[in-house]
Amino acid sequence: MSDKIPVHNLPNQSHAVHTHTPTAGKSTKIQTKLITGFFQNIRSTSMYSLMALFVLLPFLRWDERQALLFDIPNRQFYVFGLTFMPQDLFLLSWVFIMAAFALFVVTVFGGRVFCGYSCPQTIWVNLFMRVEKLFEGERHQRIRMDKAPLSISKIWRKTAKHSVWLLIALLTGLTFVSYFAPVESLYGNWAWFDVAGWRVLLPELGTWQLFFIGLFTVATYLNAGWMREQMCFQICPYGRFQSVMFDRDTLIVSYDVERGEPRGARKRTAEKTDQLGDCIDCNLCVQVCPTGIDIRHGLQMECIQCAACVDACDSVMDRMNYPRGLIRYTTERQLVEKQKTHWLRPRLIAYAAMLALMLGLFVWVLAARVPLQVEAMRDRNQLYRLNNDGLIENAFNLKITNKTQQEQTYRVSLNAPNGIRLDIRRPEVILDAGEIYELPITVVGDPARVSQSELPISFRVQGVSDPSLSATIENRFRAPTAKERAAARRAAEGESE
């Protein structure tokens, strides 16, 4: 028997309890009832902590600089005390791979808890739904308002709701752009502008800043206010490959069919009989679902495992004096096969081990990383030249990148065989934080002591105040070959005659 569990797609049955019956090619508006409970309290803490972190991070300072800034025009990316250049983008790929494996571990163990508790789409949709509840009331009031004809009350409530949605979307766009533009430039310069005949004090922003603020404002407004669950159904691929990630030991939200069926409505004071199961068919589990599914039909692609149905059902069970857990977090093996869940299994261990290995290597690379980069580029016009003193010269351009977030003084030195030395007037250079500097240097060789046409040399750049800032780059010293020297000697003898 396969270890995979089936995933059911039952949109018609799932949405049948809502206000509109779905028709072919059309989707119904899902009006969700907001509920409190143990898991919803955890969700709220998780979601709004992440939202607060998103809003506050651009304003944190680190060494008198914005702690998190991706300065694309200057090709410098600041992550707290670290500075990254475009050459370090392989680390970003590394981060994405680790994030993918972290998602694998979480999904194999706990299903789509990321979607239910941490996904940005879920967080902003939940916030927009709370604004909707504030202006339009509870679920039944919103349904009634949608069916009612236009009125002054309906117009002002809808207008107020959408105005607050747009304000939240605008703040989201501003915050997002704050990660790519210094907050001082976004909020530090203000001026008076004429807007629709009004004098309004607004920040002075560049064209690209305005464009991306507008783009993310519109995207947030449409995604969280209008598309909502359609983002999960039509665009996000996560639900479609959950059947590949899940197994019979994955923790999922499930309905206990044996205990709940057959369903039937009853009074709270009615005595429990064997003719009906514990499910009173109140449909509250469907009303609170943000994706509008009926969990009683089994595991479905649209389920984001937010556990709203768990809290709703537990509240009903409490009122009926029935045991909690008719809908609960459980596993297919435990619920259906009545066996003990295998928490540690080969696939989960393999994913976790790979994640731990990659994370360990990533931390080691960052710890061993020297925030100094040196490149030595040879003069392309000629490999070598003879100066007026008869010495062999090699011209180089030394490109030094200060990846620290403080001003640094670096000393340049040369490690080379005897007879080769560095000809430089000022061996020390001062670089600002994140500055890239090109230093022209000349390496000189004595023909009497340089017998080979190529000799290995290395340039060393080291911090004066911090010797740990050190980088070495290898290159080659070029000199005339034996044939070229002989030809030059014969030419010189011919001229003397």
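Heads up: numbering here begins at 1 and tracks the sequence.
Below 30°, between 30° and 60°, or above 60°: for F54 and Y179 the angle between ring planes is below 30°, a parallel geometry. Taking the six-membered ring where the residue is Trp, W165 and H162 present perpendicular rings, their angle passing 60° and hence far from 30°. Ring geometry for F180 against F176 counts as tilted: the plane angle lies between 30° and 60°, on a 0 to 90° scale.
Of the options D247, D249, T250, a side-chain hydrogen bond (donor to acceptor under 3.5 Å, both in side chains) to R333 is made by D249 and by none of the others.
D311 and Q40 are linked by a side-chain donor-acceptor pair at a separation below 3.5 angstrom, with hydrogens and angles left out of the test. A donor-acceptor contact closer than 3.5 angstrom links the side chains of T172 and W124. At a cut-off of 3.5 Å, with distance as the only test, a side-chain donor of Y410 or N402 sits close to an acceptor on the other residue. Of the N and O atoms on the side chains of Q373 and E375, at least one donor lies less than 3.5 Å from an acceptor on the other residue. Side-chain contact of W62 with Y78: a donor-acceptor pair under 3.5 Å is absent, judged by distance alone.
Using a 4.5 Å heavy-atom cutoff, the side chains of L210 and F212 are not in contact.
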### Query
Could you go step by step and tell me if Y329 and S254 meet the side chain to side chain donor-acceptor pair (under 3.5 Å) rule?
CA-CA 6 Å; Y329 276 113; S254 298; over 6 Å; no

### Message
Run the salt bridge (Lys or Arg N to Asp or Glu O under 4.0 Å) test on K399 and E435 for me, step by step, so that the C-alpha distance in whole Å, both residues' side-chain angles and the decisive distance to 0.1 Å come before the verdict.
### Response
CA-CA 10 Å; K399 187 177 181 181; E435 183 181 358; over 6 Å; no

### Verdict with reasoning, K403 to D88, per salt bridge (Lys or Arg N to Asp or Glu O under 4.0 Å)
CA-CA 11 Å; K403 293 185 178 182; D88 301 314; 3.0 Å; yes

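The cationic atom of R228 (NZ for Lys, CZ for Arg) does not lie both less than 6.0 Å from the six-membered ring centre of F128 and within 45° of the ring axis.
A salt bridge does not link D63 to R65: none of the charged nitrogens lies less than 4.0 Å from a carboxylate oxygen. Salt-bridge check for K338 with E258: passed, with a basic side-chain N closer than 4.0 Å to an acidic carboxylate O.
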